[in-house]
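Excluded from the calculations below are hydrogen atoms, water molecules and symmetry mates; all remaining heavy atoms, backbone and side chain alike, are included. Computed from a prediction, not measured in an experiment: that's the story for all the values here. In this chain, residues are counted from 1 in sequence order.
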Amino acid sequence: MITNNELIDKAKSIIKPKKMKHGFIASDCGCALVTAKDNVFLGVSIDTCSSMGFCSEHSAIAAMITNWEYKIKKIVAVDEDGMVLPPCGRCREFIHQIHEDNLDADVIVKNNKVVKLKDLLPYRWDENL
Ligand SMILES: [Zn+2]
């Protein structure tokens, strides 16, 4: 089983900021996740104008789904300075909507601090559906 620090290092390893048109930046954040089947998938952020960009969690999850996997055991995102970033609100919801069991995913929110996704999503909008 991959350690938290190994997962953080994998997320860091794919960060390579690239300035694009209008000064927006791709790949200044990296994400690494471990699936329920112990596979690791990586993704980078792409920031663009007109709200077309996405966080690194999105592309890591897309990579996971190319392997027909949906359940996340552990996930982390890191910025270009190597700092662990908690997932934004949109990513918290996105991870949840990919699979209900992801509420029990471990989310590394900073070095040496891990919480369950469900603790980052209290009072969910679909709890009673
Ligand atoms: Zn996000």
Separation between CD of Glu6 and CE of Met1, rounded to the nearest 0.5 Å
10.5 Å
Where do Cys55 and Cys91 come nearest, in terms of heavy atoms and distance?
CB-SG, 3.5 Å
Can you give me every donor-acceptor pair (side chain of residues 17-27, partner residue at least two apart or in another chain, under 3.5 Å) with its distance?
from	atom 1	to	atom 2	distance (Å)
Ser27	OG	Ile14	O	3.2
Ser27	OG	Lys16	N	3.1

Got a second to check how far Asn39's CG is from Asn67's CG, nearest 0.5 Å?
5.5 Å
State, with a plain yes or no, whether a side-chain heavy atom of Val44 is found less than 4.5 Å away from one of Ile15.
no
Backbone N/O of Gly82 and side chain of Asp79: donor-acceptor pair under 3.5 Å
yes
Residues two or more places apart in sequence or in another chain: which of them pass side-chain contact (heavy atoms from CB on, under 4.5 Å) with Asp9?
Lys12
With Phe94 via side-chain contact (heavy atoms from CB on, under 4.5 Å) - residues at least two apart
His58, Ile61, Ile98
Checking Asp126 now: which residues fulfil salt bridge (charged side-chain N to carboxylate O under 4.0 Å, His left out) with it, not counting sequence neighbours?
none
Would you compute the distance between atom CG of Leu103 and atom CD1 of Ile72 and round it to the nearest 0.5 angstrom?
11.0 Å
Can you tell me how far the CG atom of Leu121 sits from the OH atom of Tyr123, to the nearest 0.5 Å?
13.0 Å
Phe41 reachable from Val84 in the ILVMFWY side-chain graph, under 4.5 Å edges:
no
Restricting to side-chain contact (heavy atoms from CB on, under 4.5 Å), what partner residues turn up for Leu7, sequence neighbours left out?
Ile2, Ala32, Val34, Val40, Lys74, Val76, Ile108
Would you say the side chain of Ser45 lies within less than 4.5 Å of the side chain of Phe54, judging by non-hydrogen atoms?
no
Just to verify, what does Lys73 make a salt bridge (charged side-chain N to carboxylate O under 4.0 Å, His left out) with, not counting sequence neighbours?
Asp38
Hey, what else clusters with Trp125 if you join Ile, Leu, Val, Met, Phe, Trp, Tyr whenever side-chain heavy atoms sit under 4.5 Å?
Leu129
Residues forming a salt bridge (charged side-chain N to carboxylate O under 4.0 Å, His left out) with Lys71, sequence neighbours excluded:
Asp101
Under 3.5 Å: donor-acceptor pair, side chain of Arg92, backbone of Leu117
no
Other than Leu85, which residues form its hydrophobic cluster under the rule that side-chain heavy atoms must be closer than 4.5 Å?
Met83
Identify, with sequence neighbours excluded, every residue that meets salt bridge (charged side-chain N to carboxylate O under 4.0 Å, His left out) alongside Asp28.
none
So if you build clusters from Ile, Leu, Val, Met, Phe, Trp, Tyr with side-chain heavy-atom gaps below 4.5 Å, do Leu120 and Val114 land together?
no
To the nearest 0.5 Å, atom OG1 of Thr35 lies from atom CE of Met64 at 7.5 Å
In terms of hydrophobic clusters joined by side-chain contacts under 4.5 Å, are Ile65 and Ile75 together?
yes
Please enumerate all residues that pass side-chain contact (heavy atoms from CB on, under 4.5 Å) together with Ala60, with sequence neighbours excluded.
Cys31, Leu33
So the salt bridge (Lys or Arg N to Asp or Glu O under 4.0 Å) pairs with at least one residue in residues 112-124 (sequence neighbours excluded) are Asp104-Lys118, Asp106-Lys116, Arg124-Glu127
